[in-house]
Amino acid sequence: MNYEFILTHIEADKVGVITLNRPKQLNALSTPLMIELGHALKAFDEDDQIGAIILQGSEKAFAAGADIQAMSQYNFSDVYKANFITRDWETINTIRKPVIAAVSGFALGGGCELAMMCDIIIASENAKFGQPEIKLGIIPGAGGTQRLPRAVGKARTMDMVLTGSMMNAHEALQQGLVSRVVAQDQLFAEALGAALTISSFSKLSVMAAKESVNKAFEGTLSEGMHFERRLFHSLFSTEDQKEGMDAFLNKRAPTFKNQ
Ligand code: HXC
């Protein structure tokens with residue numbers, strides 16, 4: 001598939017990089033863009049050489065939200081019939097390899113929600129997160145009212161969702177929305193470093209770890225603990241577990257075969 005609204009490339013034969021590429025519209029997330037993004041994510045997920053994926057925007061905007069130009073023409077029957085958001089935005093939630101959002105500039109509305117659908121968010125110092133949909137007469141529709149309170153709590157979420165105010169990078173770090181904040185010119189290097197580290201591990205344990213952490217956000221604690229324990233047990237059937245532990249005991253680097 002030839003892409004019009006995103007760019008893709010591979011770093012070090014191991015890391016898939018997707019760059020949102022509608023800079024003039026601050027990477028407004030149109031349906032065609034989201035279809036391309038879903039396609040690229042799936043292609044990297046299915047590529048055996050790829051261990052992790054980085055999703056980035058431009059310096060000014062990770063993404064300033066769903067495309068308001070397009071949405072301004074929609075009425076209820078359009079969005080309901082087309083299953084708007086559900087049909088074209090959810091692919092990222094099916095990706096089994098870790099996806100790292102490298103956020104510079106605005107991550108607003110659907111842009112903030114897209115970042116929160118990723119597994120790790122690394123922000124540059126100029127990053128700004130917000131759910132300003134209230135100013136448009138709507139509410140967040142891709143998880144903003146659900147994932148944001150899980151990350152930063154009810155009070156801060158209510159404030160952002162009801163007033164449309166933004167959260168800066170340092171507050172996002174303090175509140176646990178992002179895991180690292182770095183200077184803008186270090187953002188890609190930092191994300192790539194994390195992606196390469198992840199790629200050096202067994203894909204089996206990486207996928208199991210991601211699946212297990214995500215389980216913490218669904219169901220009860222005891223269900224999540226049970227799920228984690230069974231995945232943990234199952235990894236003892238892999239060659240990579242033998243290799244990882246043998247390498248540690250013999251003070252050498254492991255060679256994982258993803259088996
Ligand atoms: C379409 C957008 C856009 C968007 C910016 N642009 N955001 N176009 N959809 N979400 C366009 C502008 O119209 C403008 O086009 C160009 O990008 C540059 O934007 P400016 O506003 O001139 O830039 P600036 O003054 O620097 O302000 C930046 C900004 C502002 C604060 C980010 O653009 C802004 O408030 N954007 C909208 C943010 C928002 O409300 N997002 C939530 C969308 S609703 P022209 O042609 O004039 O140059 C949403 C719903 C999610 O996401 C539901 C489920 C997904």
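Here, residue 1 is the first one in the sequence, and each next residue gets the next number. Start at 1 and go down the list; that is how both ligands and their atoms are numbered.
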Contacts of type side chain to side chain contact (heavy atoms under 4.5 Å, CB included), residue Glu11, not counting sequence neighbours: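 Side chain to side chain contact (heavy atoms under 4.5 Å, CB included) list for Glu11, sorted by chain: His9, Val15, Val17, Phe188, Leu192.
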Pairing residues for Asp48 by the side chain to side chain contact (heavy atoms under 4.5 Å, CB included) criterion, not counting sequence neighbours: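 Once residues adjacent in sequence are excluded, Asp48 has no partner under the side chain to side chain contact (heavy atoms under 4.5 Å, CB included) criterion.
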Lys128, NZ atom: more than 12 neighbouring heavy atoms under 6.0 Å: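 No, because the 6.0 Å sphere around NZ of Lys128 holds 12 heavy atoms or fewer from other groups.
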Ring centers of Tyr74, Phe84 separated by less than 6.0 Å: yes
All side chain to side chain donor-acceptor pair (under 3.5 Å) counterparts of Glu125, not counting sequence neighbours: none
Enumerate the pairs of nitrogen or oxygen atoms, one from ligand 1 and one from the protein, separated by less than 3.5 angstrom; state names and distance to 0.1 Å.
unit_1   : atom_1 : unit_2 : atom_2 : d
ligand 1 : 9 (N)  : Ile68  : N      : 2.9
ligand 1 : 10 (N) : Ala64  : O      : 3.0
ligand 1 : 10 (N) : Ala66  : O      : 3.0
ligand 1 : 17 (O) : Lys24  : O      : 3.3
ligand 1 : 26 (O) : Lys60  : NZ     : 2.7
ligand 1 : 41 (N) : Ala64  : O      : 2.8
ligand 1 : 52 (O) : Ala66  : N      : 2.8
ligand 1 : 52 (O) : Gly110 : N      : 2.8

Lys203 with Asp240: basic N within carboxylate O range, under 4.0 Å: no
